[in-house]
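For reference, the structure discussed in these notes is given below.
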Amino acid sequence: EYDAVGNIPDDIFERLQALLANLEDYDTEYEELLDELIIQDKGTDVYDALMSVRKRVGQYDFETAADELKPIIDAHA
């Protein structure tokens, strides 16, 4: 559960994995999940990386977005 700016939610790993799966499958479900993660992770090290992922998907570059997401997942595994 998200409780304050600067705190990474406990379920971040599972949610990032779900986002990665959506991106790899070109599943539009990624949009809502990505927006939720960005809002919840504001003020954390994950925020900037997620903003970069958002920029990539805005350019329809899902492969690069997925590649940028993998190190974030690894860091929170």
Side-chain angles (χ1 to χ4, degrees):
E1 179 82 19
Y2 177 74
D3 56 2
V5 171
N7 293 334
I8 297 174
D10 293 337
D11 65 346
I12 187 76
F13 179 70
E14 293 83 10
R15 299 182 78 209
L16 289 171
Q17 284 187 310
L19 178 59
L20 179 61
N22 289 340
L23 290 173
E24 289 178 336
D25 292 340
Y26 303 97
D27 184 338
T28 57
E29 295 279 322
Y30 78 83
E31 270 185 293
E32 184 177 338
L33 182 53
L34 179 56
D35 288 342
E36 288 174 10
L37 284 165
I38 287 170
I39 291 167
Q40 290 182 341
D41 294 308
K42 189 166 185 142
T44 70
D45 61 329
V46 175
Y47 178 80
D48 289 336
L50 290 173
M51 290 301 291
S52 180
V53 169
R54 176 190 258 176
K55 180 180 177 185
R56 297 292 183 193
V57 296
Q59 300 167 340
Y60 301 100
D61 188 355
F62 297 98
E63 289 179 23
T64 302
D67 288 343
E68 288 186 3
L69 190 58
K70 290 173 185 173
I72 305 168
I73 292 171
D74 291 343
H76 293 90

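The analysis underlying the following values was restricted to heavy atoms, covering all of them including side chains, and did not include hydrogens, waters or symmetry mates. We're numbering straight along the sequence, starting at 1.
- Scored by the salt bridge (charged side-chain N to carboxylate O under 4.0 Å, His left out) test, Glu14 finds no partners at all (sequence neighbours excluded).
- How far CG of Leu23 is from OG1 of Thr28: 11.0 Å, rounded to the nearest 0.5 Å.
- Within the model, atoms CD1 of Ile73 and CG of Leu19 stand 7.0 Å from one another, a figure rounded to the nearest 0.5 Å.
- Minimum heavy-atom separation, Leu69 to Val53: N-CG2, 4.3 Å.
- For the pair Val46 and His76, the tightest heavy-atom approach, listed with the atom from each and the gap, is CG2-CE1, 3.3 Å.
- In the displayed structure, Glu29 atom CD is contacted under 6.0 Å by at most 12 heavy atoms of other residues, nucleotides or ligands.
- Not a single side chain to side chain donor-acceptor pair (under 3.5 Å) links Asp45 to another residue, sequence neighbours left out.
- Asp48 pairs by the side-chain contact (heavy atoms from CB on, under 4.5 Å) definition with nothing, not counting sequence neighbours.
- The line from CD of Glu36 to CZ of Arg15 is 5.0 Å long, rounded to the nearest 0.5 Å.
- Atom CG of Asp41 is separated from atom CD1 of Ile38 by 9.0 Å, given to the nearest 0.5 angstrom.
- Shown here are the side chain to side chain donor-acceptor pair (under 3.5 Å) partners of Glu31, two or more places apart in sequence or in another chain: there are none.
- A search for side chain to side chain donor-acceptor pair (under 3.5 Å) contacts involving Asp27 returns nothing, not counting sequence neighbours.
- Contact detail for Ile72 and Leu50: the closest heavy-atom pair is CD1-N, 4.4 Å.
- Applying the side-chain contact (heavy atoms from CB on, under 4.5 Å) criterion to Gln59, with sequence neighbours excluded, gives Lys55, Arg56.
- Take Asp67 and apply the salt bridge (charged side-chain N to carboxylate O under 4.0 Å, His left out) test, not counting sequence neighbours, and it matches Lys70.
- Within the model, atoms CD of Glu68 and CG of Leu20 stand 12.0 Å from one another, a figure rounded to the nearest 0.5 Å.
- Listed by first then second residue, pairs satisfying ring pair (Phe, Tyr, Trp, His ring centres under 6.0 Å) with a partner in residues 24-43 read Tyr26-Phe62, Tyr30-Phe62, not counting sequence neighbours.
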